[in-house]
Amino acid sequence: MRLSNVSQNTPPSGVREVFNRIAEADDVICFALGEPDQTTPAPIIEAACESLRQGHTHYTPNAGFYALRRAIAASYPDRGYTPEQVVVTAGGTEAILLTLLSVIDPGDEVIVSEPYWPTYLGQINACGAIPRFVRTFEEDGFALRPENVERAITPRTRMIIVNSPANPTGAVMSREELDAIARIAQRYDLIVLSDEVYQHILYEGPFASIADSPGMEDRCIVINSFSKAHAMTGWRVGYIIAPEPIARAMTNMHEYSVSCISAFSQAAALKALEAGEPYLRAMVEEFRQRRDMVVEGIRAIPGLRCARPRGTFYLYFNISGTGLDARRFVYELLEHQKVALAPGTAFGSDQEDYVRLSYASSRENIREGLARIAAFVNGL
Ligand code: PLP
């Protein structure tokens with residue numbers, strides 16, 4: 001049977017390729033996963049169980065339960081969002097797809113910073129749109145340079161995706177940097193999709209969103225998720241906050257994709273908003289300690305270098321001093337020392353000098369994994 005052009009033109013994920021290799025090996029220390037290692041906090045699990053016991057086993061409204069949408073809107077007290085602007089989705093992943101499907105036409109161009117989360121590429125492709133990658137650099141802390149964004153704009157450009165804190169780099173953009181991107185969006189009449197799924201996995205400074213830049217109310221779509229903040233990746237709950245007419249279009253499109261999110265997952269998400277904060281704070285504190293462990297550990301290995309990321313649970317480090325490219329580094333490390341990382345090339349074609357380490361793994365694993373990485377590099 002003939003495959004569609006879209007499916008043929010969508011490359012497999014470079015991170016998934018590493019997973020497939022791990023599946024064949026024992027005793028691998030895995031730093032390739034993009035999810036918290038903690039289990040969802042008990043009160044959140046209990047809220048879901050209670051919802052099921054009460055018989056909430058049916059379809060829900062397309063945009064999600066009103067109580068949850070109200071609680072999501074209220075969780076941004078300074079923005080004056082209404083529940084009508086909120087659409088509850090199957091994780092941040094579906095939030096992004098639904099956004100693209102609702103505002104992007106085939107042939108439109110979408111600006112994405114590189115290195116990027118590979119799903120952006122797959123989803124932009126799936127919509128028949130064209131990704132325009134704007135490279136970011138280690139020396140800028142991987143922040144988007146406004147002048148490079150502006151240079152990438154063509155008459156077909158329709159959207160800029162901003163992801164801060166960013167996967168895979170852990171980069172966090174400043175208020176000034178975001179304001180500069182916002183001004184460009186206004187000058188060229190572009191929509192901004194602000195992917196804020198790592199909003200709470202932040203170690204320094206208050207969180208800055210491009211949604212708060214002046215003049216962005218009508219052109220910024222925020223997506224967020226319960227996955228990373230509340231250790232709820234498997235529950236598949238995220239959301240979009242958009243200007244009302246766009247939110248209505250998305251709600252309609254939702255009917256034809258997954259219709260709605262399971263009721264018990266929505267009950268869990270509501271509980272996360274009501275009672276998740278202390279668990280979230282403890283998890284972020286644990287991640288901070290692990291971040292410091294991996295930064296010190298990687299910096300102590302000759303040939304490797306990294307900045308101290310201000311957000312996420314990823315360390316994106318430079319391996320150029322080893323003489324290996326990212327894929328060789330990752331696959332030889334896996335073969336010889338049984339440590340799994342993700343090659344930078346999974347996040348962009350110009351990323352041969354980088355690999356991503358997810359420290360959402362126990363301290364014991366981190367200690368042992370760092371020792372194995374040191375043994376590997378020292379043996380080159
Ligand atoms: N955005 C970024 C940058 C991510 O890294 C991820 C997950 O890895 C997501 C969105 C979506 O996460 P989820 O669909 O689990 O909410």
Side-chain angles (χ1 to χ4, degrees), residues 13-16 18-19 30-38 40 44 64 68 72 86-100 110-124 126 131 133 136 142-144 159-173 192-202 207 209-210 221-241 254 257-258 261-262 265-266 268-269 272-273 276 280 287 309-316 342 344 346-348 356-361:
S13 153
V15 181
R16 183 60 58 189
V18 176
F19 285 138
C30 182
F31 297 134
L33 279 177
E35 64 173 341
D37 52 319
Q38 293 87 341
T40 307
I44 299 176
L68 176 58
I72 290 168
V86 179
V87 182
V88 179
T89 57
T93 303
E94 197 221 351
I96 299 164
L97 184 61
L98 210 50
T99 301
L100 293 168
V110 179
I111 292 181
V112 179
S113 61
E114 181 184 335
Y116 52 84
W117 182 48
T119 297
Y120 297 142
L121 170 61
Q123 294 191 340
I124 292 167
F133 297 113
T136 60
F142 293 103
L144 265 174
M159 176 185 278
I160 305 172
I161 297 182
V162 172
N163 174 218
S164 175
N167 178 7
T169 60
V172 176
M173 288 180 68
V192 171
L193 189 166
S194 184
D195 176 345
E196 304 183 355
V197 306
Y198 295 98
Q199 170 184 359
H200 298 287
I201 320 285
L202 184 67
F207 172 68
S209 167
I210 195 164
I221 298 171
V222 170
I223 76 105
N224 211 323
S225 167
F226 292 83
S227 290
K228 318 287 177 175
H230 299 285
M232 289 177 65
T233 48
W235 299 78
R236 311 311 298 130
V237 203
Y239 57 87
I240 305 166
I241 306 180
H254 210 199
S257 53
V258 300
I261 307 315
S262 56
S265 284
Q266 294 188 51
L273 288 175
L280 165 59
F287 283 149
R310 293 201 291 129
T312 75
F313 36 69
Y314 304 115
L315 182 72
Y316 199 61
F347 311 104
R356 187 191 75 176
L357 181 158
S358 162
Y359 48 89
S361 187

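In listed order, ligands and their atoms are each counted from 1.
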Please report the interatomic distance CD1(I201) to CG(N167), rounded to the nearest 0.5 Å.
12.0 Å
Kindly tell me which protein residues have any non-hydrogen atom under 4.0 angstrom away from an atom of ligand 1, grouped by chain and ordered by number?
G91, G92, T93, W117, Y120, N163, N167, D195, V197, Y198, S225, S227, K228, R236
Check: L121 and F133 side chains under 4.5 Å, non-hydrogen atoms:
yes
Parallel, tilted or perpendicular, as decided by the 30° and 60° cut-offs, for the rings of F313 and F287:
tilted
Begin with the C-alpha distance, continue with both residues' side-chain angles, and end with the deciding distance and a verdict on side chain to side chain contact (heavy atoms under 4.5 Å, CB included) for H254 and I261.
CA-CA 10 Å; H254 210 199; I261 307 315; 4.2 Å; yes
When you measure from the side chain of E196 to the backbone of N224, do you find a donor-acceptor pair of N or O atoms at a distance under 3.5 Å?
no
May I ask you to decide if Q199's main-chain N or O and K228's side chain share a donor-acceptor pair within less than 3.5 Å?
no
